[in-house]
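Only this structure's heavy atoms are used, side chains among them; waters, hydrogens and symmetry mates stay out.
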Amino acid sequence: MAVNQNNDSNNKIKMLGKITEILQGGQFKVKLENDVIVTAHVSGKMRVYKINILPGDTVEVELSPYDLTRGRITYRQR
C-alpha cells in the first residue's frame with residue numbers, strides 16, 4: 001500500500017522583494033513587490049556557496065501559505 005505524501009514545494013508562493021535591513025542570526029527584512037515587509041532567512045544552498053546579500057539587493061523569496069510574515073531567500077538578482 002503506497003502512502004500519498006504532499007510535496008511542500010508545490011505550495012510555496014514566490015515573490016520578488018528588496019532587502020531593507022539585515023538582522024541578527026542570518027535574518028533579513030525584505031520589502032515585497034506588494035509593499036508588505038517580511039522576515040526572511042537565506043536558503044541552505046545560498047549559505048553553502050556563500051552568496052553575499054546586502055541592503056538594496058533584489059531577491060526572490062519563497063513564502064509559505066500558512067505564515068505570510070516569514071520566508072526563505074532562494075535567489076539574488078544580479
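Across all their heavy atoms, Asp57 and Leu54 have their closest contact at OD2-N, 2.9 Å.
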Residues 68-78 side chain polar contacts: donor-acceptor under 3.5 Å, at least two apart:
unit_1, atom_1, unit_2, atom_2, d
Thr69, OG1, Asp67, OD1, 2.7
Arg72, NH1, Glu62, OE1, 3.1
Thr74, OG1, Glu60, O, 3.4
Arg76, NH1, Asn52, O, 3.0

Let me have the donor-acceptor pairs involving side chains of residues 13-32, under 3.5 Å, with sequence neighbours excluded, atom names and distances please.
unit_1, atom_1, unit_2, atom_2, d
Thr20, OG1, Lys29, O, 3.1

